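Below is one structure, written out as structure tokens, with a few remarks after it.
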Amino acid sequence: MNIDHLIHMANQIGAYFETEPDRALASAGIAEHLARFWEKRMRRSLYAYLDSAQDGALAPLVREALTQHRDQVLGKIQ
Amino acid sequence: MILHCHHDRGTPARTSTQHVTLSVDGIPVTVPAGTSVMRAAAEAGIDIPKLCATEQLEAFGSCRLCVVQVKNRRGYPASCTTLVEEGMEVTTENDDLFRLRRGVMELYISDHPLDCLICPANGNCELQDQAGRVGLREIRYADGHNHLQETSDTSNPYFTYDPSKCIVCSRCVRACNDIQGTYALTTTARGFDTRIAPAGGEDFMSSECVSCGACVAACPTASLLEKSVIQMGQPQRSITTTCAYCGVGCSLNVEMQGEKVVRMVPDLNGGANHGHACVKGRFAWGYATHAERITTPMIRSSIREPWREVSWEEAIAHTASEFRRLQEKYGAESIGSITSSRCSNEETYLVQKLTRAAFGVNNVDTCARVCHSPTGYGLKQTIGESAGTQDFDSVMQADVILIIGANPTDAHPVFASRMKQRVRQGAKVIVADPRKIDLVETAHVRATHHLKLLPGTNVALINALAYVVVTEGLVDEDYVARRCEPEAFNKWREFIADPRHSPEATASITGVPADDMRAAARLYATGGNAAIYYGLGVTEHSQGSTMVMGIANLAMATGNVGRPGVGINPLRGQNNVQGSCDMGSFPHELPGYRHVADDETRHAFESVWGVQLSDEPGLRIPNMFDAAIAGSFKALYVQGEDIAQSDPNTEHVTHALESLECLVVQDIFLNETAKFAHVFLPGSSFLEKDGTFTNSERRISRIRTVMRPLAGYADWEVTQMLSNALGYPMHYKHPSEIMDEIALLTPTFQGVSYAKLDQLGSIQWPCNAASPEGMPVMHIEEFVRGKGRFMLTEYVATEERVNRRFPLLLTTGRILTQYNVGAQTRRTANNAWHQEDLIEIHPVDAEDRGIRDGDWVGVKSRAGETVLRAKIHERMQPGVVYTTFHWPGSGANVVTTENSDWATNCPEYKVTAVQLSRVEQPSAWQKHFAEFSEEQIKLLNQESAGAPV
Ligand code: SF4
Ligand code: SF4
Ligand code: SF4
Ligand code: FES
């Protein structure tokens with residue numbers, strides 16, 4: 001899957017949750033959104049990017065959400 | 001005039017709670033106060049002769065055929081205009097009345113051509129009926145001055161006006177004014193020379209007429225008559241079905257001779273349309289038997305090869321084996337399906353069942369992805385149900401109508417007429433739209449506010465309106481305290497009251513003067529019942545879901561959800577958008593909007609379907625394209641959709657389609673997507689099958705078989721055959737059995753059955769033990785999710801911004817006479833109104849670029865380039881251009897980008913930064929498109945029987 005596209009989409013989700021004053025809630029919101037709406041190829045590709053050490057294009061909040069909620073987002077497809 | 005199965009009581013029903021008792025010819029009858037004597041008589045079983053009166057219109061009292069006598073009252077009052085009074089004693093028949101009526105009728109007939117035997121209305125003419133009814137036997141004024149030599153106006157493709165048959169009853173004029181609200185007809189001159197004339201033009205076609213057909217239905221003679229009736233003769237039978245075009249979902253009576261359709265007329269009992277229709281549903285049905293229909297299955301191994309006609313058995317077996325082969329080679333997840341809002345509930349239910357149960361994956365999506373998916377998301381988050389809150393009739397109790405990003409007179413014409421009726425009664429209108437749509441200013445309608453915002457700034461606008469509500473003390477505190485989550489509300493109140501959301505701070509973003517925003521917000525919050533109607537101008541944005549939540553916030557904060565006259569009303573583009581979403585067409589949801597990861601729901605489906613289901617969300621349409629290009633998605637079954645034309649960034653879409661190893665298209669025509677297909681399964685039109693559609697107000701209505709499927713099978717049967725070939729058995733004998741399964745598994749549909757639909761006419765879900773006959777207005781006592789939830793809606797500017805290279809914003813939309821990708825309407829006489837997609841430009845932008853009306857203009861964006869003809873129009877605002885996407889060669893979507901809504905991937909069709917310039921020839925894409933299309937048509941027509949596959 002086109003990783004630039006996925007990063008862009010993930011950052012858009014991040015931008016929505018940025019407004020949430022409680023950062024833990026925002027991070028959980030992003031994770032839940034990805035788990036509920038993203039197909040596993042997309043989630044896997046995003047994590048592959050996160051784990052590639054070239055994750056610079058991800059918004060900090062998104063990176064935080066992915067890191068903190070890896071189990072929830074990847075679930076049994078890990 | 002329409003087929004006489006309906007008993008016309010002469011004047012509209014009244015709903016007063018006070019009742020009046022009178023006697024008609026000695027028969028006592030009790031009716032609501034305000035009822036006419038004519039209607040009261042009809043209720044008592046006595047039909048008084050009439051010509052100018054009809055139940056559809058307020059009485060006019062011009063023909064005087066309906067005279068009666070009232071005890072202790074002088075003269076002979078017209079019964080249609082005389083209202084009932086307590087104790088009134090009415091006589092409808094005596095010698096005086098007989099003489100009077102015969103005299104009136106004699107005068108009418110003396111000026112009428114007596115060619116009844118060869119008149120196209122013969123057998124269905126009120127004048128003829130009434131002449132018989134009053135016992136007319138001779139005409140003493142023969143050979144006087146008459147209009148018999150006047151020529152007919154045949155300019156409209158669907159109906160004619162023959163002045164010689166006109167009795168000047170003005171039913172047509174009143175229908176155009178009162179029902180349609182277009183005011184396109186006038187009566188000219190007076191006395192004997194009185195005539196009906198279309199306003200603003202020489203004839204009907206050049207006038208303001210929008211060809212809705214209301215006048216034709218109202219005409220009691222052959223003066224206004226459908227051309228199809230003139231050609232074919234009177235219909236013999238009638239079947240009630242539902243329009244297959246827009247989300248209004250009008251009920252239509254198909255009037256036929258055998259299996260041949262003679263005409264379609266609006267159903268007076270239709271819950272959505274109450275006897276009205278528009279030029280699409282009423283007249284544009286000829287495509288169903290168009291010569292380009294494909295009725296034999298076809299296969300080919302590559303898109304550069306000719307098609308080979310095959311039997312159904314071979315086509316189905318081939319598809320099944322290809323799908324299984326690809327799953328084995330590339331994994332189970334490499335295949336999926338797309339359902340269409342042009343298909344019935346039963347068909348979409350079956351396709352998603354096939355995908356989940358037979359393919360074993362959740363890769364199923366629907367065209368609502370590209371239109372109203374943000375509605376589903378936004379309303380679910382805030383009020384708990386992915387559907388509009390009201391019925392259409394609710395608008396008749398609205399005091400303030402806020403229309404956001406919708407153009408009802410073009411896209412939802414019958415509902416627009418109803419809206420206009422309410423506006424003429426005094427309701428106020430606020431329009432939020434970049435363009436000056438008709439409802440900003442049209443006959444007898446003038447919006448109080450037009451918030452002419454820049455495309456892409458909806459959220460800034462809705463936040464500004466909410467800011468005014470919160471900071472000026474206009475919140476309905478009691479409602480919010482009773483009905484909404486306090487914590488979420490307080491958080492939202494604090495968020496929205498920040499000065500960054502104020503009209504003054506956001507005016508530079510939206511382009512709307514702050515005072516206008518303040519005034520509009522005050523009117524919405526304090527003007528009485530306030531209802532929001534919105535369309536794709538809300539959803540098709542990168543912040544589509546945020547905007548839907550912003551709308552819900554505003555409605556909840558002002559207490560405008562949960563009773564008639566208010567609410568949040570998404571106007572759905574296609575007829576079955578609501579239904580296809582309800583039926584579980586989204587990759588993350590089973591029918592009834594329940595997530596695939598919800599164990600209880602999944603287990604319920606597993607036990608009835610007898611198969612284990614995946615709890616993982618599948619691919620959405622844009623994700624399928626990306627996965628296809630990436631090589632992990634290989635086969636797609638598309639029922640009734642034309643993604644190659646309707647989805648954004650055409651070149652990206654066609655690249656994805658070319659990447660597939662097996663594309664199966666089920667459609668009635670070789671559409672743009674089918675040109676990339678390997679298997680073509682001929683589909684059936686809405687006239688060829690049974691099923692149901694669900695309109696924008698959650699109204700489930702029947703479609704009924706009018707003619708046998710041209711290709712031998714209805715679409716649901718084809719899906720069933722495919723499922724059986726894949727080894728997952730389906731044995732439905734009729735779509736009613738599919739509905740029974742939907743009812744069994746979907747709580748909101750629990751009480752729905754074909755028997756109940758036949759009995760009630762239509763049902764608005766939820767229909768279950770709590771509301772056995774359905775629910776017109778939802779969320780009355782509490783929200784579906786319990787307490788309403790306010791959501792934070794920060795404005796985030798779209799990345800699609802203007803710059804020096806692309807200084808204009810392109811927004812796209814629809815036009816009255818064409819429908820969506822145009823596959824249906826382009827194959828009808830509707831082309832007389834709209835033969836090509838045009839680019840609308842404000843005069844200032846045109847002048848800057850030396851563009852004149854009618855010039856060819858290159859439209860270039862970051863995604864691609866196309867060429868369209870220019871239409872210079874002041875309804876645009878400077879900096880914004882507009883086009884439609886009804887013709888594939890226009891390439892409107894070559895220019896649109898894949899930018900999409902953050903929550904749902906609904907494409908941002910409404911905002912594309914472009915540049916325009918005068919050009920002399922089509923774009924490179926258009927040339928390629930023309931060549932490719934020509935090649936594909938050749939491959940279709942090529943004699944290829946026996947070619948190896
Ligand atoms: S077709 Fe409709 S718009 Fe045209 S004149 Fe008749 S009622 Fe008016
Ligand atoms: S055209 Fe028909 S409806 Fe109109 S005034 Fe003449 S007879 Fe009446
Ligand atoms: S297109 Fe829409 S408004 Fe027109 S007849 Fe069909 S459902 Fe009604
Ligand atoms: S029907 Fe009453 S005046 Fe014509």
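All of these numbers come straight from a predicted model, not from anything done at the bench. Chain naming here is simple, since letters A, B, ... match the order of the sequence lines and numbering starts at 1 in each.
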Does the side chain of B:E616 come within less than 4.5 Å of A:R43's, by heavy atoms? yes

What part of B:M549 gets within 4.5 angstrom of chain A, counting heavy atoms only: side chain, backbone, both, or neither? side chain

Within a strict 4.5 Å, meaning less than it, do heavy atoms of the B:L619 and A:M1 side chains meet? yes

A:A35 versus chain B, heavy atoms under 4.5 Å apart: side chain, backbone, both or neither? backbone

Grab the two heavy atoms, one from B:D626 and one from A:H5, that are nearest each other, plus how far apart they are. OD2-ND1, 2.8 Å

Within a strict 4.5 Å, meaning less than it, do heavy atoms of the B:V796 and A:E18 side chains meet? no

Which of the residues B:G631, B:S542, B:S632 is involved in the greatest number of heavy-atom pairs with chain A at under 4.5 angstrom? B:S632

Out of B:S545, B:P587, B:A630, B:S900, return the one with the most heavy atom pairs under 4.5 angstrom to chain A. B:S900

Value rounded to 0.5 Å, distance of NZ in B:K491 from CG in A:D22: 6.5 Å

Toward chain B, the part of A:E20 with a non-hydrogen atom under 4.5 Å: both

Can you tell which of B:E794, B:H595, B:R620 has the highest number of heavy-atom pairs within less than 4.5 Å of chain A? B:H595

So B:N623 and A:M9, side chain to side chain contact (heavy atoms under 4.5 Å, CB included) or not? Walk me through it. CA-CA 11 Å; B:N623 314 145; A:M9 281 158 53; 4.0 Å; yes

Does the side chain of A:R36 reach to within under 4.5 Å of the side chain of B:V596, using non-hydrogen atoms? no

Is the shortest heavy-atom distance from the side chain of A:E39 to the side chain of B:H588 under 4.5 Å? no

Can you see whether B:E799 engages A:H8 through a side-chain donor-acceptor pair at a distance of less than 3.5 angstrom? yes

Any chance CD of B:E494 has more than 12 other-residue heavy atoms, nucleotides or ligands included, within less than 6.0 Å? no

Checking B:N362 against chain A: side chain, backbone, both or neither under 4.5 Å from a heavy atom? neither

Which region of A:Y16, side chain (C-beta onward) or backbone (N, CA, C, O), has a non-hydrogen atom less than 4.5 Å from a non-hydrogen atom of chain B, or is it both or neither? side chain

Turns out that what part of A:M42 lies under 4.5 Å from chain B's heavy atoms comes down to side chain

Suppose we call two aromatic rings close when their centres sit under 6.0 Å apart. Are B:Y377 and A:H33 close by that rule? yes

Select one option (side chain, backbone, both, neither) describing which atoms of B:A597 are under 4.5 Å from chain A's heavy atoms. neither

For the student: nearest non-hydrogen atoms of B:L792 and A:P21, plus distance: CD1-CD, 3.9 Å

Name the region of B:F586, side chain, backbone, both or neither, that has any atom closer than 4.5 Å to a heavy atom of chain A. neither

